[in-house]
Protein chains: 2
Amino acid sequence: MTPRPYRMGRRQAAVDKTRARIVAAARRLLLARRPTEFSLEGVARRARVTRMTVYHRFGSRRELLEALFDELAAEGGMSHLRNAFQQPDAEQALADYVATFVRFWSSGRLIHRRLRAQGVLDPELERALAARQEWRRQGLRVVAGRLVQRPADDLIDVLFTLTSFETFDTLAGGTRTPAQVTSLVLGLVRGALGLALPSPTLPKSSRNRSAG
Amino acid sequence: MTPRPYRMGRRQAAVDKTRARIVAAARRLLLARRPTEFSLEGVARRARVTRMTVYHRFGSRRELLEALFDELAAEGGMSHLRNAFQQPDAEQALADYVATFVRFWSSGRLIHRRLRAQGVLDPELERALAARQEWRRQGLRVVAGRLVQRPADDLIDVLFTLTSFETFDTLAGGTRTPAQVTSLVLGLVRGALGLALPSPTLPKSSRNRSAG
DNA sequence: GGTTGACTATACAGTCTGTATAATTAAATT
DNA sequence: AATTTAATTATACAGACTGTATAGTCAACC
């Protein structure tokens, strides 16, 4: 009746490997030329695993996609946010904050776009992904709070919009580099905060393309 | 061999009716609680038509969705753009232009969101929808051109982004009214153009919520 | 009365979904 | 060494959707 105690020990390594293979497969499939190539069938096939294994590991399509997002977030240079928050200069902190997110979106652009689309088709996933954006909003509260007395909710929402993936994606278009997008976004962000336009330290290659 | 000449005459009325029923069904289904309810099967069912008829009329799923978008655009108060362009005051013209698009996005919010998602899953559709946005960009060139000597491409892209559905959708969130969103967007637009912040004539209910 | 073209009926082969049940296998425990 | 545990497989099911194809119905037109 009472189950015998059981430690996964080195079995865990195999489990982790399988899990990683599945997420990696999902990732590659979300990058496929044909967007519809993404399916649990396909993921399982490319991970050389049964579809049942995918359900076992993740429980649902939604949770697999959440895991994929989390992997991207873990890789995506978010550690640089430390730098931003440690900046003694508030304006520089803001610039670092913006640049960090632009680089994040940029590094997984196609995946983020398709992940979002999957979210629109699955409200649960949408909520899960939206929840992961809340700390971006919180960060904005902190960074903006150093430049503005008591940032209104409207202001935070504006900054949240300007640093969103959608703004990045539209602004980047087919040609603009991350640095160029950062420059444009930062211009808008500074404008919203009522700061002078020439921004602090930024790669000069993207400096002369600022809008306004 | 040579087909006998044939005018559709009053048969055309029936054809148009069928077509309209199909588009209307597509529309209702894109608004369904479950986003996945949308399918050609479902559309055909709700239009009391065979799936074959849908293919007959539109050729493909993509073209049906294009037709739906065009219907929205035709209804969506785009005629108000005349007003904007006829405004003698350039700043007021800008305000009208922004307000018109915010109202447009707002009136079909959920559909636009899901239409976009369908686009991400179908590159052909994405291109078709993107093409329909080009005249928004052209309009921005005109309206901005009245306020700025020779608007740079960067500037136009920024304005294009600020007036996009995505910006509207993110800013609107769960609670903001179209007028409130207009106020926020217009603030950003004016900032990008280097104009003073208090905007011209705008419903005062949304005036005091401007960011910055 | 013949012809045209919209719409229907039906079918096919393929893919995907979520769930269920039983079998396999290797590591962990005793 | 024998037993137990949990990951993974093997199959199956019922249902839905996709795009395409073929043949048929029917009312409007000539």
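Within every chain, numbering begins at 1; the chains are lettered A, B, ... in the order of the sequence lines, protein sequences first and strands thereafter. Side chains included, hydrogens not; waters and symmetry mates left out as well; all remaining heavy atoms used.
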Describe the nucleic acid contact of A:R45 in one word from base, sugar-phosphate, nothing, applying a heavy-atom distance below 4.0 Å.
sugar-phosphate
Would you kindly give the CZ-to-C1' distance between B:R61 and D:dA16, to the nearest whole Å?
13 Å
With a 4.0 Å cutoff (strictly under), does any side-chain N or O of B:R62 reach OP1 or OP2 of D:dG19?
no
Report yes if the side chains of B:T50 and B:T53 come closer than 4.5 Å at any heavy-atom pair, otherwise no.
yes
Rounded to the nearest 0.5 Å, what separation is found between the CG atom of A:D157 and the CD atom of B:Q180?
10.5 Å
Close residues, residues 26-43 of chain B, relative to DNA chain D [heavy-atom separation under 4.0 Å]:
B:S39, B:L40, B:E41
Rounded to whole angstroms, how far apart are NZ on A:K17 and P on D:dA6?
23 Å
With under 30° as parallel and over 60° as perpendicular, where do the rings of B:F104 and B:F101 fit, or are they tilted in between?
perpendicular
Taken to the nearest whole Å, CD/A:Q118 to C1'/C:dC16 is 13 Å
Report yes if some heavy atom in the side chain of A:V49 is under 4.5 Å from a heavy atom in the side chain of A:R19; otherwise report no.
no
With a 4.0 Å cutoff (strictly under), does any side-chain N or O of B:S60 reach OP1 or OP2 of D:dG19?
no
Spacing of A:H56 atom NE2 relative to D:dT5 atom P, expressed in whole Å
16 Å
Got A:F85 and A:D96 here, is their nearest side-chain heavy-atom distance under 4.5 Å?
no
How does protein reach along nucleotides 20-30 of chain D, written 5' to 3' as B (base within reach of a heavy atom under 4.0 Å), S (only sugar-phosphate), or - (no contact)?
BB-----BBSB
So, OP1 or OP2 of C:dC7: does either fall under 4.0 Å of a side-chain N or O from B:T53?
no
Carboxylate-amine/guanidinium proximity below 4.0 Å for A:D70 and A:R132:
yes
Looking at B:F165, does the NZ or CZ of B:R116 lie under 6.0 angstrom from its six-membered ring centre and within 45 degrees of the ring axis?
no
In the structure I gave you, are the side-chain heavy atoms of B:N83 and B:T100 within less than 4.5 Å of one another anywhere?
no
N/O (side chain, A:R57) to phosphate O (OP1/OP2, D:dT8) under 4.0 Å:
yes
To the nearest angstrom, the CG-C1' distance between A:D16 and D:dA6 comes to 14 Å
Distance col, row A:I22:CD1 vs A:R27:CZ, nearest 0.5 angstrom, shows 15.0 Å
Measure from CZ on B:R19 to P on C:dG5 and round the result to the nearest Å.
19 Å
